[in-house]
Amino acid sequence: MHLANGHISHAYMRYIRFKIGFIGAALVALAGMVAVSLSVGAAGVPLSDVAKSLAGLGVSPRFEIIVWEIRMPQSLAAIVAGAGLSLAGAAMQSILRNPLGSPFTLGISQAAAFGAAFSVMILGSGVMQSTHIGSVTISHPYVTTLTAYGFSMLAAGAIIFVSRTRGATPEIMVLTGVALGALATAGTMFLQYFADDVQLAAMVFWTFGDVARASWMELGVLATVTGVCCLYLLSRAWDYNAIDAGDETAQGLGVRVGRVRMAGMLAASLVTAVIVSFLGIIGFVGLLVPHMVRRIIGGDNRFLLPAATICGALLLLASDTAARLLLAPHVLPVSVLTAFMGAPAFVYLIVRAGRR
Amino acid sequence: MILNVAGLIFSYNSHPVLDGVTFSVSPKELVAVLGPNGVGKTTLLRCINAIHRPSGGAVFVDARDVRTMPPAAIARSVGYVAQRNEPTRLTAFDAVLMGRRPHLRWGVTHRDLEIVDAALQQLRLTELSMRYTDQMSGGELQKVAIARALVQEPRLLLLDEPTASLDLKNQVDILGFIRNVVTEHAVAAVMTLHDLNTALRTADTCLFLKDGKIAFAGSPQQVDAEIIESVYGLPVEVYCNGGRVMVAPHG
């Protein structure tokens, strides 16, 4: 069968250029936001000094330390976490054909929170220490991180196990995730009820998602895992488009639906588990950003997934910078701000969609 | 022969649905699969397309056993229009472009875009090409699904109730279009239909399923009241009007 007629739709080519332009603009905005985030804070660093420091042209040692040791890891952590959570959310929404698909709907974050609480209470990693800026830290952060990671992967494994035995349909995955989330929340509440004051404070502190926690080494682990999983998810964009149109249609197009759905869930869960374990719970990015981007450039995953990745990084970096400035010199954990902004923004999107 | 189905057996949870179904389809032949609800028409298409794995028998497309073919290779030979197509936040153009997926190596080429453009034009969807499919009617969505199957450039078309959500004019248009595609491009097509008169008007061969077996296979002119009554359990009258066969229930 030969159908080609030598004609290509100009309207379609314009539409493609618009989407590429949107991604380019988001990248430029992200680069600008990085400069701003390195510059502003309790101690201001002029943008010119930021540029010099980044170019290795030599500025005062104080500025060097602020830019490279304090703000750069924090900004990069925000970029990696925002990108990873947003991409994981966008991929899950497609894989599960469910607009509520996100790392939080599927109980992975709640399982991580339970893991952290378990670590604080049972493994004794939660001795609270006051620091010079008046916040608290967990005495054995790696034990907490590893336990949180273990439990979140356990939740992801349970979803995949149930799906393998009962069929990898979106309904089974979402319902299993919701049930596991409820179970993990109940477990956390149980531990909190019996925790002493110090343990309770440590548990609650851990759940505040905060990108300032990441050191260069942790950032390396975060970036590697997130990078590999992101590359995988981006490479399956065609398959996710096909799954969006229905399992049967996708199978007719040669997509191994069950296998693609399982692998996508695994990659998205792994990204989420690593980010949440290192940085705590950062809500709404994975749910909100894909919806915002889809509204602007449509649901073609070839463009939606990279655009959501960049916009997620941009949103979390901007939120973190704002959180640093709002109550300066006090630093607000970024998760508080994303939840404050995210909930009304999400409701607004729903209302606007309803009016159409 | 493009399609050979040999002794196909399929069961759902030990309940037999297809029990030794055998038939073949040549180039330029349009076969309508008919029978009461739940008789296994959709299951038959899914087995041909290797979405379901039959417990016995075999399906050959261009003499290749589909069980030995990777899914992408099947999709290059078989275009499938499912009964249910989900609307998405994809433009009609992108939704049809998805049909090129089995042929893609590194990315979309100009030829792929030309093929999509031509398919949209042939199905009179050009005006709607930039509309999101979640803003389309059921009939428009059905046309998009058919265009998507066409751009797969298949040798065999499988259509599960292709006229289910279409009004009368669109039914006639689409079936005429499918007829033309089958004849002009020398492909084979198998479609399931509920409407007997539509099937008798359009198909070269009518294949009636009953109790998992083929109760009758032949040209529309060979179909008589006895066959239909034995398959559907309903007394009917069969008329022949200007070479066209038509069916109406008794009374």
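Lettering of chains follows the sequences in order, A, B, ..., and the numbering in each one begins at 1.
- At a 4.5 Å heavy-atom cutoff, the contact between B:Asn49 and chain A is made by side-chain atoms alone.
- For the pair A:Glu248 and B:Gln83, the minimum side-chain heavy-atom distance is 4.5 Å or more.
- Only the side chain of B:Val108 comes within less than 4.5 Å of a heavy atom of chain A; its backbone N, CA, C and O stay farther away.
- For B:Arg76, no part lies under 4.5 angstrom from a heavy atom of chain A.
- What you find for A:Leu253 and B:Ala75 is that their closest heavy atoms are C-CB, 3.5 Å.
- Annotation: the span from A:Met13 atom CE to B:His110 atom NE2 amounts to 5.5 Å, rounded to 0.5 Å.
- Note: B:Arg101 leads B:Arg148, B:Met130, B:Arg155, B:Arg101 in heavy-atom pairs under 4.5 Å with chain A.
- The CD1 atom of A:Ile243 sits 10.5 Å away from atom CE of B:Met98, with the distance rounded to the nearest 0.5 Å.
- Proximity to chain A (any heavy atom under 4.5 Å) is shown, for B:Leu141, by neither the backbone nor the side chain.
- The two residues B:Ala82 and A:Thr249 have their closest heavy-atom pair at CB-OG1, 4.1 Å.
- Across all non-hydrogen atoms, the minimal contact from A:Asp300 to B:Leu90 is CA-CD2, 3.3 Å.
- B:Tyr80 and A:Gln251 share no side-chain donor-acceptor pair at under 3.5 Å.
- Of the listed residues (B:Leu104, B:Asp134, B:Asp112, B:Val78), the greatest number of heavy-atom pairs within a distance under 4.5 Å of chain A belongs to B:Leu104.
- Here B:Ile51 contributes atom CD1 and A:Asp247 contributes atom CG; the two are 9.5 Å apart, rounded to the nearest 0.5 Å.
- Between chain A and the residues B:Asn85, B:Thr91, B:Asp94, the most heavy-atom pairs under 4.5 angstrom are made by B:Asp94.
- Residue A:Ile297 touches chain B through its backbone alone, counting heavy-atom pairs closer than 4.5 Å.
- Aromatic ring pairs are classed by plane angle as parallel below 30°, tilted from 30° to 60° and perpendicular above 60°; the pair B:Phe93 and A:Tyr12 is parallel.
- Atom CD of B:Gln121 is separated from atom OG of A:Ser9 by 10.5 Å, given to the nearest 0.5 angstrom.
- No part of B:Thr126 comes within reach of chain A, as not one of its non-hydrogen atoms sits under 4.5 angstrom from that chain.
- Atom CZ of B:Arg84 has 12 or fewer neighbouring heavy atoms from other residues, nucleotides or ligands inside a 6.0 Å radius.
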